[in-house]
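Just so it is clear, the values below take in all heavy atoms, side chains as well, and ignore hydrogens, waters and symmetry mates.
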Amino acid sequence: MTGTDVQKEAEDSGPSGYAAARLRLLTEETRSGPPRRAALADLTDEWLTGLFAAGAEGLRGISLVAVGGYGRGELSPRSDLDLLLLHDGGDTKAVATLADRLWYPVWDLGLDLDHSVRTPAEARKTAGEDLKVQLGLLDARHIAGDLGLTASLRTAVLADWRNQAPKRLPELQELCAERAERQGELQYLLEPDLKEARGGLRDATALRAVAASWLADAPREGLADARRRLLDVRDALHLATGRATDRLALQEQDQVAAELGLLDADTLLRQVYEAARLVSYASDVTWREVGRVLRSRAVRPRLRAMLGGGKPVGERSPLAEGVVEQDGEVVLARAARPERDPVLPLRAAAAAAQAGLPLSLHAVRRLAATVRPLPAPWPAEAREQLVTLLGSGRPTIEVWEALEAEGLITRLLPDWERVRCRPQRNAVHLWTVDRHLIETAVQASEFTRRVSRPDLLLVAALLHDIGKGWPGDHSVAGEIIAKDVAARIGFDRHDVTVVATLVRHHLLLIDTATRRDLEDPATVRSVAEAVGSQGTLELLHALTEADALATGPAAWSSWRGSLVADLVKRVSAVLAGDAPDDPEEAAPTAEQERLALEAAATGSPVLSLRAQTEPPAGQEPSGAPEPLGVELLIAVPDQPGVLPAVAGVLAMHRLTVRTAELRSLHLPDGVDGSVLLLNWRVAAEYGSLPQAARLRSDLVRALDGSLDIAGRLAERDAAYPRRRGVVAPAARVSVHPAASRLATVIEVRSQDAPGLLFRIGRALEDASVRVRSAHVSTLGANAVDAFYVTGPEGAPLPGDEAASVARKLQETLRG
């Protein structure tokens, strides 16, 4: 039977004919999805038109209007009918009689009905008081009666909506936020509400309302398809349960999947999650644009500038090379060339996350359309930017989602596709596999002060469950994938092994601590053999806690934490070895000795800048050499204040310190004096590097006291106040008395920031200690610095004095 035949049967046979035709339509195997929903709406229109014609004979100024989902022609098998009987205020008694003749047949068939009887003025008044009524009327569609009456109401309602948009849209946004708080996020729930949860059908409808306001519009690519997919699932759910439900319960997922011709319930959930994720991302972008437009309308730029209310609209401030902030978003600089700069997506993402700002939709799409793939292995900068992004805490999530929405994540990390939107059928887990991995990195960012290699911790957090997209033990599969990924992103052989070990054994500590006898030496020895080193144990301990916290509240407790800590303590005792050698014994290179002799002869600083292409010590070369930064060599006659002076000059010139070594150099016999040698790797925050002569000139002035570095940095900070951005873990300063025989080792783990090394150096100078050597490394956004210090006489500091220096230094960094 064709659709026309079905409608004819309904028209000829009254309510019983409609019911039979409806049933026939819903059981047709050849028709589903949008065609069936449209056919069901058409069939219902024909039936209601017949009822209206029979009851409204002789009446004028009255029409029957479909609103809401029915108005959009989106009738699922058990959808209720949203109807408005519109009249011009004439014969109200006849209108009431007609209403009864319309509503009762609907109820008699057991259909849900949301109905109202109003004049156009009443409809507009109610819409002005009730946002949900307003939203329903935006989709008003004429069914029968006076077409002009319906058309005039539609025109008036749309005009009202556009005129009142600055007031109503914030109300709508708040309504969406409240619903999300109650219902959760559709893209992560095991039993989601397809309509009410965030990213569901209600949000898709809200986006249509925003577009109708003409104030802003949602990114449309894929949005219609996502909405269709959610509606198809709801149709199948209605048919499978025979009920008007929007909640996709566990016990019904297999049947719904079969109804849709899908492999299994996991495939069903993954499709739902993908659709919800697209709607959620479109909502984020749209509401951000609404806020921007409303703010720009609220205060004119000139008035804002007169009142000192901030930067004029449209002003750009640099964040990183090729990346700027504009109107509260991160956008590409006008001079940026994504087609020539494959690191730009990661650099932009890291800058956005560090600043706590969203990546603009236009920027992400331009990157996705034009950027070239990264070479394998990645350049050092790309790896550092990834680590910075992962270590940025909660803002990482929004930035990561923006990259993923445009396909950039799977281009950077192809293995990500297997875990993307993958459900976890475990009541303990709150998230899909991919979101759990990002959540683990967020949690791990809180522990970067606990480990000496925060970069390895963050990458292992991102990869620890990557094997869940493959058959078999996910830890075993994950180890193989982690080796490949870690090598591809540019870690050396040793670091690749550490990351792979962390992924392979990420459940080892929690499983052993909670299921084995820790008093049995064999238990502890087996863990020590699997871990292999103190450094890996330190990382595994932090990863274990981050993983559990990212899983859900049931996965971690103080009791579990104490058991793991006890196990770690016992394993550490087994792994304990000799203290490391003093690092200041390495012989200088010929270039370093030449500079040192020149500094000793002239009594002033000598420096050189050169591109560094050789791999760091201990790292094997792979393929063609890559630029690792700019090597800055400085030789300075030994004197107080060298460390803060050099660090301050670099901060003034906006140079980021990637690694730094400072040590006292023994000069050949017959050469008087002592020289400090600084071997640093630096990079410009943005723009080009300064000339070496300019650096030397400023360094001379800094050392003789004629250059007020602290004042210059304070002036710059006042002119360009730093954004709130990431709330990083507090700096951690510790003393390692057994690390050296010749000096006291003070270690600082902190968030990297402009001027950080200057502040540390000045604090150590103020404490009247001498820095014999310094070993500084910047890993993403984390600084891990070790300072070998002595008292004025050159001896290690007494324990209480060392503790006092560390305490004052920590107070300085927290101030």
Side-chain angles (χ1 to χ4, degrees), residues 26-27 32-33 36-37 69 74 76-80 112 179-204 225-280 417-440 465 467-474 507 547-556:
L26 295 179
T27 55
S32 62
R36 182 169 61 195
R37 286 190 290 274
E74 296 174 342
S76 290
R78 290 286 175 174
S79 291
D80 57 352
D112 292 327
R179 188 176 64 252
E181 185 70 25
R182 290 193 312 271
Q183 299 291 341
E185 296 204 47
L186 177 52
Q187 61 179 312
Y188 304 122
L189 296 170
L190 277 177
E191 293 189 306
D193 188 305
L194 299 169
K195 189 174 184 179
E196 301 291 337
R198 182 173 184 268
L201 293 167
R202 288 276 192 211
D203 279 339
D225 187 59
R227 180 189 183 90
R228 177 199 58 74
R229 205 178 314 165
L230 293 176
L231 287 168
D232 288 351
V233 174
R234 184 172 71 166
D235 287 359
L237 179 62
H238 284 187
L239 291 173
T241 62
R243 294 180 287 109
T245 179
D246 295 311
R247 185 166 298 281
L248 189 57
L250 287 172
Q251 67 269 18
E252 288 146 3
Q253 290 175 10
D254 284 319
Q255 189 176 353
V256 172
E259 183 77 30
L260 292 168
L262 300 176
L263 179 64
D264 54 24
D266 275 5
T267 306
L268 167 68
L269 278 184
R270 195 169 187 185
Q271 286 198 3
V272 169
Y273 293 162
E274 287 173 343
R277 185 167 296 186
L278 198 149
V279 174
S280 293
E417 179 61 30
R418 282 184 174 264
V419 296
R420 189 176 59 83
C421 293
R422 182 170 292 277
Q424 304 202 76
R425 294 189 175 277
N426 185 325
V428 174
H429 275 279
L430 294 178
W431 311 107
T432 53
V433 177
D434 57 341
R435 176 61 184 271
H436 169 70
L437 293 175
I438 298 301
E439 285 286 336
T440 305
D465 274 349
K468 285 188 174 179
W470 295 80
D473 185 331
H474 76 279
L507 297 175
D547 181 18
L549 290 171
T551 297
W556 192 251

Pair D232 + R229: basic N to acidic O under 4.0 Å = no
Inspect the contact between R198 and E185 and indicate whether a charged nitrogen and a carboxylate oxygen are less than 4.0 angstrom apart.
-> yes
CG of D473 to NZ of K468: how many Å apart, nearest 0.5 Å?
-> 10.5 Å
Kindly indicate, with the supporting measurements, whether the criterion side chain to side chain contact (heavy atoms under 4.5 Å, CB included) is fulfilled by L549 and E439.
-> CA-CA 9 Å; L549 290 171; E439 285 286 336; over 6 Å; no
Roughly how far, to the nearest 0.5 Å, is the CG atom of L248 from the CG atom of L269?
-> 6.0 Å
For E252, the option from R243, R247, R234 that meets salt bridge (charged side-chain N to carboxylate O under 4.0 Å, His left out) | R243
Checking R277, R422, R418 against D434 for side chain to side chain donor-acceptor pair (under 3.5 Å), the one that qualifies is R277
List the atom of D235, the atom of G33, and the distance in Å for their closest heavy-atom pair.
-> OD2-O, 4.4 Å
Kindly say whether L194 contributes a backbone atom to a donor-acceptor pair with the side chain of Q183 at under 3.5 angstrom?
-> no
Closest non-hydrogen atom pair, A204 against R227 | CB-NH1, 3.3 Å
OH of Y273 to CG of L189: how many Å apart, nearest 0.5 Å?
-> 6.5 Å
Looking at R270 and D266, does any basic side-chain N land under 4.0 Å from a carboxylate oxygen?
-> no
Measure the shortest side-chain to side-chain distance between Q271 and L260 over non-hydrogen atoms and say whether it is less than 4.5 angstrom.
-> no
D193 and L186: CA distance, side-chain angles, deciding distance, side chain to side chain contact (heavy atoms under 4.5 Å, CB included) verdict | CA-CA 7 Å; D193 188 305; L186 177 52; over 6 Å; no
Specify the closest pair of heavy atoms between L507 and H474, including all atoms of both residues, with the distance to one decimal.
-> CD1-CE1, 4.0 Å
D246/E196 under side chain to side chain contact (heavy atoms under 4.5 Å, CB included): CA gap, chis, key distance, verdict = CA-CA 8 Å; D246 295 311; E196 301 291 337; 5.8 Å; no
pair L201-E74: side-chain heavy atoms closer than 4.5 Å | no
Can we say R179 and D203 salt-bridge, meaning some charged N sits less than 4.0 Å from an Asp/Glu carboxylate O?
-> yes
At what distance, to the nearest 0.5 angstrom, does CD of E259 lie from CG of D254?
-> 13.0 Å
Heavy-atom pair with the smallest gap, counting every atom of V256 and A240 = CG2-CB, 4.2 Å
When rounded to the nearest 0.5 angstrom, what is the spacing between SG in C421 and CG in L278?
-> 10.0 Å
Enclosure of E181 CD (heavy-atom neighbours >12, cutoff 6.0 Å) | no
Would you please test Q187 and T432 for side chain to side chain contact (heavy atoms under 4.5 Å, CB included) and show each step?
-> CA-CA 8 Å; Q187 61 179 312; T432 53; over 6 Å; no
Check L268 against Q253 and note the closest heavy-atom contact, atom names and distance.
-> CD2-O, 3.5 Å
How long is the gap from NE2 on H238 to OG1 on T245, to the nearest 0.5 Å?
-> 6.5 Å
CD (E274) with more than 12 external heavy atoms under 6.0 Å = yes
So which heavy atom on G199 is nearest to which on L230, and how close?
-> O-CD1, 3.7 Å
Output every pair passing ring pair (Phe, Tyr, Trp, His ring centres under 6.0 Å) with a member in residues 180-202, not counting sequence neighbours, ordered by first then second residue.
-> Y188-W431
